[in-house]
**Student:** 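This is the structure I have questions about; it appears just below.
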Amino acid sequence: MTDTTSNQMWGGRFAAGPDAIMEAINASIGFDKRMAAQDIAGSRAHAAMLAATGIVSDSDAEAMREGLLTVLSEIEGGSFEFSTALEDIHMNVEARLKAIIGEAAGRLHTGRSRNDQVATDFKLWVRDQLDATAKGLLALIDALLTQAEAGADWVMPGFTHLQTAQPVTWGHHMMAYVEMFGRDLSRVRDARARMNECPLGAAALAGTSFPIDREMTAKALGFDRPAANSLDAVSDRDFALEFLSTASLCAMHLSRMAEELVIWSSAQFRFVALSDRFSTGSSIMPQKKNPDAAELIRAKIGRIFGANVALMTVMKGLPLAYSKDMQEDKEQVFDAADNLMLALAAMEGMVRDMSAHRENLEAAAGSGFSTATDLADWLVRVLGMPFREAHHVTGSLVALAEGKGCDLPELNLEDMQAVHGDIDASVYDVLGVHNSVASRTSYGGTAPEQVRAQIARWKEALK
Ligand code: ARG
């Protein structure tokens, strides 16, 4: 026992204060102080509503308003003294308000509870994060579009199983990530629209007998409407989970792209050079330039998806309505949000700065018999062969080239005709990588004209 005074906010029925361990496990102020601005915004909206409905006097509401602004400036200025004994941001703010304005502060908590208060604060915080995430995604998409535009017709190998498959264009590869991050953006927007209902006024769990105006507080805080069920309003953390699941998908996309940058920037691939600004050196090997930012982005999914799993696990099995378990929601979301923002910004910087080695991409695009499918398609189109037979004939030609240690375009016509007599010189037209990509004009295909059309569509959509 370290403290014998009972809590000034709820200690009426208590003869003794909490044990130090109780205080340590119970307090959230160490982290929920990040929601100070949201807490004060919520209290200001509540105070104004209490006056408008005649629940408190105009002069009390005015004192609350002034006092809350003072508390906010103390917190922002760093002079505010946070107290663990006061548990959380809600009671820290209210206690300080009381010290500044006196008795009137005691009327602020009329018709509300910390349960609807924390749900409101946290929703406001998550909503800001969704907006910041959307901004980060837009910046990254813009950087990818710039890369795609510059290299809409540069050829590079396309892979399946990380084995050379068919030539594709650099622009097409960049645009694949635009599609992925574009879906993340739409998930962020969906989540924001769905979560934008205000819990304030749900009170502890059952609503209140005071004639509050929930439309008014919802509107003041930028919500579309008040949440319709008070039990659900205080026990819902779907908005945090939707943020975390959206963040997890986005982090997974970032991780895949980061992995490609790690591979592409290696001495064995040399597809891209990362800028000095987004690389590090080795303290022992002077030649090294390491893609640390990409590696760390690749790893961020660990903690972000971990947060998603952690909060899902906290919430499963909780009976309605509020339980203190739910206090474990914030650190996970804060950490995931911080790291997602950092990963998005680092990826944007890397993508903006990186330069593709166009000649290396092109040389790699032609190796590994990457135009074998074009050859098979030619046999189908020009000689009228069934695709299965064409596949077989092409396989024999690949084996022949492999035996000779050359690529398909280097086989001479006699060699080809030895495999199939009807092959003529026009086959060479389809064996080059530029013709290969130019021929893939189907919607969404890798042909430069398709890539440019997709870039234009995205630019229009993002206007
Ligand atoms: N610090 C608490 C949390 O983060 C605030 C709500 C507390 N409510 C309560 N009834 N004890 O969840």
Side-chain angles (χ1 to χ4, degrees), residues 6-14 17-43 45-46 68 71 75 80 82-97 106 108-129 195 198-208 217 221 227 229-241 243-244 307 310-337:
S6 64
N7 186 290
Q8 57 172 294
M9 294 291 158
W10 46 248
R13 79 188 294 284
F14 287 77
D19 188 89
I21 298 293
M22 177 62 215
E23 193 171 285
I25 194 171
N26 200 37
S28 55
I29 188 62
F31 48 87
D32 68 14
K33 60 179 160 208
R34 279 189 76 165
M35 307 192 305
Q38 288 77 10
D39 192 70
I40 288 169
S43 287
H46 188 67
L68 286 165
V71 177
I75 292 173
F80 191 95
F82 291 101
S83 150
T84 310
L86 288 166
E87 268 183 56
D88 56 27
I89 186 63
H90 325 296
M91 298 203 291
N92 269 268
V93 168
E94 195 184 316
R96 180 68 191 133
L97 184 66
L108 175 60
H109 216 49
T110 314
R112 79 169 184 189
S113 144
R114 274 189 295 155
N115 297 348
D116 58 338
Q117 200 179 351
V118 72
T120 305
D121 293 4
F122 197 31
K123 260 197 176 180
L124 290 172
W125 197 92
V126 170
R127 197 175 69 185
D128 284 350
Q129 279 311 304
M195 65 100 76
C198 186
L200 194 59
L205 75 167
T208 175
T217 43
L221 294 168
N229 182 298
S230 62
L231 286 167
D232 176 52
V234 295
S235 75
D236 164 40
R237 291 296 180 272
D238 291 5
F239 60 95
L241 285 164
F243 171 71
L244 291 175
L311 185 54
M312 267 300 202
T313 314
V314 166
M315 294 306 294
K316 80 166 276 297
L318 284 189
L320 300 185
Y322 178 85
S323 295
K324 198 60 173 261
D325 309 50
M326 291 161 72
Q327 179 166 287
E328 289 287 314
D329 56 2
K330 285 169 228 41
E331 284 169 292
Q332 300 293 343
V333 171
F334 292 164
D335 185 76

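Heads up: numbering here begins at 1 and tracks the sequence. Start at 1 and go down the list; that is how both ligands and their atoms are numbered.
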**Student:** Out of Asn115, Asp32, Val234, whose heavy atom sits nearest atom 9 (C) of ligand 1?
**Tutor:**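 Result: the heavy atom closest to atom 9 (C) of ligand 1 is in Asn115.
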**Student:** Please name all residues satisfying salt bridge (Lys or Arg N to Asp or Glu O under 4.0 Å) with Asp335, sequence neighbours left out, ordered by chain then number.
**Tutor:**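 Arg303.
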**Student:** Nearest protein heavy-atom contact for atom 4 (O) of ligand 1: which residue, which atom, what distance?
**Tutor:**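 Going by distance alone, atom 4 (O) of ligand 1 is nearest to Lys330 NZ, 2.7 Å.
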**Student:** Would you mind telling me if ligand 1 is within reach of the side chain of Gln117, the backbone, both or neither, using heavy atoms under 4.0 Å?
**Tutor:**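 The answer is neither.
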**Student:** Report, in ascending order of atom number, the atoms of ligand 1 lying under 4.0 Å from any heavy atom of Ser28.
**Tutor:**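 What qualifies from ligand 1 is 1 (N).
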**Student:** Within the structure, does Asp88 bring an N/O atom to less than 3.5 angstrom of an N/O atom in ligand 1?
**Tutor:**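 Between Asp88 and ligand 1 (N or O atoms, distance only) the closest approach is under 3.5 Å.
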**Student:** Tell me which protein heavy atom sits closest to atom 3 (C) of ligand 1, plus the residue, atom name and distance to 0.1 Å.
**Tutor:**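 Result for atom 3 (C) of ligand 1: Tyr322 OH, 3.2 Å.
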**Student:** If you draw a 6.0 Å radius around NZ in Lys316, do more than 12 non-hydrogen atoms from other residues or ligands fall strictly inside?
**Tutor:**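 Check fails, neighbour count at 12 or below.
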**Student:** Any side-chain heavy-atom pair from Lys123 and Pro199 closer than 4.5 angstrom?
**Tutor:**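 Yes - at least one pair of side-chain heavy atoms lies under 4.5 Å apart.
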**Student:** Is it the case that atom CG in Leu320 sees more than 12 heavy atoms from other parts of the structure closer than 6.0 Å?
**Tutor:**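 Yes - once you tally the heavy atoms of other residues, nucleotides and ligands closer than 6.0 Å, there are more than 12.
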**Student:** Identify, by atom number and element, the atoms of ligand 1 in contact range of His90, meaning under 4.0 Å from any of its heavy atoms.
**Tutor:**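 Answer for ligand 1: 5 (C).
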**Student:** Among protein heavy atoms, which lies nearest atom 11 (N) of ligand 1, and at what distance?
**Tutor:**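 For this ligand atom, the closest protein heavy atom is Arg114 NH2, 3.5 Å.
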**Student:** Measure from the side-chain N and O atoms of Gln327 to the backbone N and O of Asn26, and report whether any donor-acceptor pair falls under 3.5 Å.
**Tutor:**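 Side chain of Gln327 to backbone of Asn26: a pair is present.
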**Student:** Can you tell me the protein heavy atom closest to atom 1 (N) of ligand 1 and the distance?
**Tutor:**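 Atom 1 (N) of ligand 1 sits closest to the protein heavy atom Gln327 OE1, 2.7 Å.
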**Student:** Which bit of Glu87 gets closer than 4.0 Å to ligand 1, counting heavy atoms only: side chain, backbone, both or neither?
**Tutor:**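 Under 4.0 Å from ligand 1, Glu87 contributes no heavy atoms.
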**Student:** Of all residues at least two apart in sequence or in a different chain, which pass the ring pair (Phe, Tyr, Trp, His ring centres under 6.0 Å) check with Phe82?
**Tutor:**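 Only Phe80 meet the ring pair (Phe, Tyr, Trp, His ring centres under 6.0 Å) criterion with Phe82.
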**Student:** Of all the heavy-atom pairs spanning Ala203 and Thr208, show the shortest one and how long it is.
**Tutor:**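 It is CB-CB, 4.5 Å.
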